[in-house]
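Take a look at the structure set out below.
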2 protein chains.
Amino acid sequence: MAETTKKVFVKSVSRNTLAKQVVERIVQLLVSGQMKPGDKLPPEMELMEELEVSRPVLREALSSLEMLEVITRKTRGGTYFNNKIGSKPFSVMLALSVDNLQAVIEARMALELGLVTIAAEKITDEELQKLKESIDRIAESRDNNYGESDKEFHRIIALSANNEIVEGMIDSLLIAHNQTDRQIKYRERELTVEHHTAIYNALLKRDPHEAFTQMYRHLKYVREKILQTVQSLDF
Amino acid sequence: MAETTKKVFVKSVSRNTLAKQVVERIVQLLVSGQMKPGDKLPPEMELMEELEVSRPVLREALSSLEMLEVITRKTRGGTYFNNKIGSKPFSVMLALSVDNLQAVIEARMALELGLVTIAAEKITDEELQKLKESIDRIAESRDNNYGESDKEFHRIIALSANNEIVEGMIDSLLIAHNQTDRQIKYRERELTVEHHTAIYNALLKRDPHEAFTQMYRHLKYVREKILQTVQSLDF
DNA sequence: TCGGTATATTTGTCTTACAATAATTTTAAA
DNA sequence: TTTAAAATTATTGTAAGACAAATATACCGA
């Protein structure tokens, strides 16, 4: 408590609240390797002393980290670093882009094009099997309400890339244009099945280029379809 | 203050703190279209009343939203919704994956493969010009210290896709394996220039497939190089 | 050994007070 | 009248302390 001769010099670009500094210091525990994902953090009382901040400030920092899904807190159970990146932060952030449908679609495009390429390198036989089943479900659907199976198809591919960082983002993006998706009147089932099958076959051959090519064709179609539909709704 | 007969029924999967609920409600203002990016939020006092929570709880929620770069706060200036998704949240979250270099690289791969494809549809002449300059800087560098120009090349392409959602993520990813990047002893300048030039030419032709192909070739090389290097350091 | 009960630890929420910042208004000078 | 300086005030930032709620742990009895 004696001296407080620090904190003088960085008056950096974006305002530095105490809570932000605390977040930064806690994150550094991971970056510097002092703590690892899954580790338990000290209780708030200890952290307050160690970091020399009041409880509200500390709690603002911890709340933020919890919202970012970097930590998990449980009453009486303590606070732990999570093991991998979560998906909710993305959906929250995506709220800023709700009125920019094109950005959402193209973000999804960008991700899926990359992921299908990597998936072609890695996909397992079981995943291929599940892919096939999701195609069959679409083909057999009598009504035109196969939206869930459609999403499932894309989700399986994303997961096949087996990348913990990007996994969460896909879901948020797929969900994001759910609303629009639902408004597409003519679901052209046969075309969807044809596209999906082509992608599936490319993955079966473990051919990254072909997988990319087929996915690109498919997503260009989806993009056009969605943007068309929205346009006709807005004007 | 009279009755408090609500909040009874959802005891959902992940524990619902008041702060989280407040975040959700504020985000809904955007999703429902009641408020738009750039809009000013009511001062804390009003929000407390409206949402019927104490100030610390409200402030935990606002802190979280600020950390997610969904809002910006300024002392005495008020609180505003931001206009687009930011990049810092990603770098914070990435802290959980510091020890998973492969995931970082492949996340970058996935994103860049998709982005270069979309960039090929959209890139402007000015951006092409800047790309060419960044290649020249690498070619002319006498030492082997062209890391910045290298990153610049990839950054320009990412920005050319002109997608506000993905923009932020690339920076975080490029920075993330900066450390490793720096440890690569043999920077094979000529090969880098050759790869970059091939990508540039594809973009010049606005050829998405060719752009993808060349970027894939390049990134496969980068991935192998980095993983090799790290392996030789760790063991 | 098992099952229930009590205890204590840890996170969750609220109230109040004051500090710091900067937008706004007022005042004074040119 | 315009401009610049100074005072005011609205708004966010930080702190302290108290109590509530939840539950992991220890304890006790059957």
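Below, chains carry the letters A, B, ... as their sequence lines are ordered, and counting in each starts from 1. Atoms considered below: every heavy atom in the structure, side chains included; atoms not considered: hydrogens, waters and symmetry mates.
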Answer yes if the side chains of [X] and [Y] hold a donor-acceptor pair under 3.5 Å, and no otherwise.
{"X": "A:S87", "Y": "A:E167", "value": "no"}
{"X": "A:R73", "Y": "A:S63", "value": "yes"}
{"X": "B:E66", "Y": "B:T72", "value": "no"}

Between [N] ([atom2]) and [X] ([atom1]): distance, integer Å:
{"X": "A:E60", "N": "C:dT13", "atom1": "CD", "atom2": "C1'", "value": "14 Å"}
{"X": "B:M48", "N": "D:dT12", "atom1": "CE", "atom2": "C1'", "value": "13 Å"}
{"X": "B:R59", "N": "C:dT15", "atom1": "CZ", "atom2": "P", "value": "16 Å"}
{"X": "B:L58", "N": "C:dT15", "atom1": "CG", "atom2": "C1'", "value": "15 Å"}

Are the side chain of A:E127 and the backbone of A:T124 linked by a donor-acceptor contact shorter than 3.5 Å?
-> yes
B:E152/B:R155 ion pair, N-O < 4.0 Å | yes
Inspect the contact between A:E24 and B:K88 and indicate whether a charged nitrogen and a carboxylate oxygen are less than 4.0 angstrom apart.
->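 Salt bridge: no.
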Would you give the length of the straight line joining atom CD1 of B:I156 to atom NE2 of B:H154, rounded to the nearest 0.5 angstrom?
-> 10.5 Å
Would you say the side chain of A:R55 and the base of C:dT13 hold a donor-acceptor pair, judged only by whether the two atoms sit under 3.5 Å apart?
->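 Indeed there is one.
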Stretch residues 38-46 of chain A: residues that reach within less than 4.0 Å of DNA chain D through a heavy atom |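 Going residue by residue through residues 38-46 of chain A, none turns out to have a heavy atom under 4.0 Å of DNA chain D.
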Under 4.0 Å from any atom of DNA chain D, heavy atoms only: list the residues of residues 61-82 of chain A that qualify, in numerical order.
-> A:K74, A:T75, A:R76
Taking the six-membered ring for Trp, is the centroid-to-centroid distance between A:Y146 and A:F153 below 6.0 Å?
->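 They do not qualify: ring centres at least 6.0 Å apart.
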